[in-house]
Structure formats: structure tokens, C-alpha cells
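When a residue number appears, it is its place in the shown sequence, counting from 1.
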Amino acid sequence: MASFNKLKNVLMLAFDWILYGAGAADTCQVTVTQPRFQEADYSMDTVFLTCTFSATGCSSSSPQVLWFRFLTNEHEDLCTPGCTDHQKYKVHLSSENNISLQINDLTVDDNAVYICGIAFSDSTSPCSKQTGGGTVLTKTEKQHSNGKLIFMIIASSLLFLYSTTVFTFFVVYKVGSNTDLKNILNNLQKISSGRKIFQAIAQELQKQRYAEHCQQP
């Protein structure tokens, strides 16, 4: 905060030096008001910062409108009165005493304190050049929506159910296949046993026939 006040004092000195004009002393007095905070949604590309002033005892000439920006450790002259970047910044006079600063291509790097200054350059009164208290501009960053999180949870659950189903089916299929294989092996064993019994019976009959044939004269 101390560095901010120091920079603001330096700015006021530079402000008086730029706008100093010769002339008789007068009673011109200017008051400048600005909103303290302004928040811009992450989807916004353009924002308007408002500034309102009142002037008493001043000439009928149009005042000069200046805009400055305070960053962490430095300040920038945006429009003094001409804007340094006409594509990025534009000054609008919406009504007689209402002024706005248009900021295009808004990003989170534009988060700063924006100060509006009003000066009647043809006046020598110290109160003819005043600045507002500054507007803290904040652009929010994009947040992940809950819908995407819910979708990811549902997709993961479905994938888990699908994997479980496939694994269960595979296990059941393997168990069923093993059961069928066991049944086939048992049947083969039964068939083999039946063949052995049949062969034994045939051999016994053949022996009996051979014995009867040998006993005949």
C-alpha cells in the first residue's frame, strides 16, 4: 500500500507538470469519482470502466481526460490524453460529466488499478487537476464446470461396469468351457472302457469256439 501511495504522489507531480498552464489564479475545483471494484467474467473480451466528475468555478472549455494504470511496482500512462494503444484502449464521453475507458482483448494480465484523471489545463488552481480513487479491475479465470466433472465420473463408472461385465463373462465362459471339456473327457473314458470290455468278451468267445473245435474228432 505504501508503494502504491508513493507511485500515486509521483504520478500527481507528473500530472501537474504535464497539464500546467499559465494564467491568473482562479477557484476551479474538480471532483472525480470512480467505482472501487469491477469484476469481469472470464468470457468477456471487452470491458468499460466508468468515471464521473464535477467541476465548479471552472471555465466552459472541455477538460482533458487521462487514464493511468497501476501495476504491482509501476504505473503506465494509458491515455494522456491520447491513448498509447488505440486498438487496446478507447476513451468515451457518454454524457457531459460521465467518461468511460474501453479495454479490448481483455486478459488476466489486465488486472490492475485504473485511475481516471480530469484536468482543466487553462486553470492554475491546484484543484483543477484531480484524479479518482481508482478502480480495481479483476478478470476471473475460467473454472472447470461441474458438468464436465459429473460426465467424467459417469464415464468412469460405465467403463468400470463394462470391464467388470466383460471379465465376468470371460470367467463364466472359461468355467463353462472347462466343464464341457471335462464332460467330453469323461465320455471318452467311458467309451474307451466299453471298448475294452467288448474286446475282452470277444476274445473269451473266440477262445471258447477254438476249444470246441479242437475237441471234435
So do the side chains of [X] and [Y] get within less than 4.5 Å of each other, counting heavy atoms only?
X     : Y      : answer
His75 : Arg69  : no
Gln64 : Leu66  : yes
Phe53 : Ile99  : yes
Thr46 : Gln102 : yes
Cys79 : Val65  : no
Gln38 : Leu49  : yes

Exercise: identify the closest heavy-atom pair between Ser125 and Thr27: OG-C, 4.3 Å
Heavy-atom pair of closest approach, residues Val113 and Gly134: CG1-CA, 4.1 Å
Quick check against the 3.5 Å criterion: does [X] have a side-chain atom that pairs as donor or acceptor with the backbone of [Y]?
X      : Y      : value
Asn104 : Gln87  : yes
Lys129 : Thr124 : no
Ser128 : Ala119 : no

The single option from Tyr114, Trp67, Phe48 passing side chain to side chain contact (heavy atoms under 4.5 Å, CB included) against Ile103: Tyr114
Intermediate values then yes/no, side-chain contact (heavy atoms from CB on, under 4.5 Å), Cys116 and Thr131: CA-CA 6 Å; Cys116 172; Thr131 61; over 6 Å; no
Val30 and Cys58: CA distance, side-chain angles, deciding distance, side-chain contact (heavy atoms from CB on, under 4.5 Å) verdict: CA-CA 8 Å; Val30 177; Cys58 301; 4.2 Å; yes
For the atom pair [atom1] ([X]) and [atom2] ([Y]), what is the distance rounded to the nearest 0.5 Å?
X      : Y      : atom1 : atom2 : value
Cys51  : Leu101 : SG    : CG    : 9.5 Å
Ile115 : Phe70  : CD1   : CZ    : 4.0 Å
Ser54  : Gln29  : OG    : CD    : 8.0 Å

Residue pair Asp45, Asp105: steps toward the side-chain contact (heavy atoms from CB on, under 4.5 Å) verdict: CA-CA 5 Å; Asp45 294 329; Asp105 301 327; 5.7 Å; no
N-O pairing of Lys88 and Asp110 below 4.0 Å: yes
Asp41/Lys139 ion pair, N-O < 4.0 Å: no
With no hydrogens and no angle check, just 3.5 Å: does a side-chain donor-acceptor pair link [X] and [Y]?
X      : Y     : value
Ser59  : Ser61 : yes
Asn98  : Thr52 : yes
Thr135 : Gln34 : yes

Derivation and outcome, side-chain contact (heavy atoms from CB on, under 4.5 Å), residues Thr140 and Val108: CA-CA 7 Å; Thr140 59; Val108 294; over 6 Å; no
Cysteine SG atoms at Cys28 and Cys127 closer than 2.5 Å: no
Co-membership, hydrophobic cluster, residues Ile118 and Leu93, 4.5 Å side-chain: yes
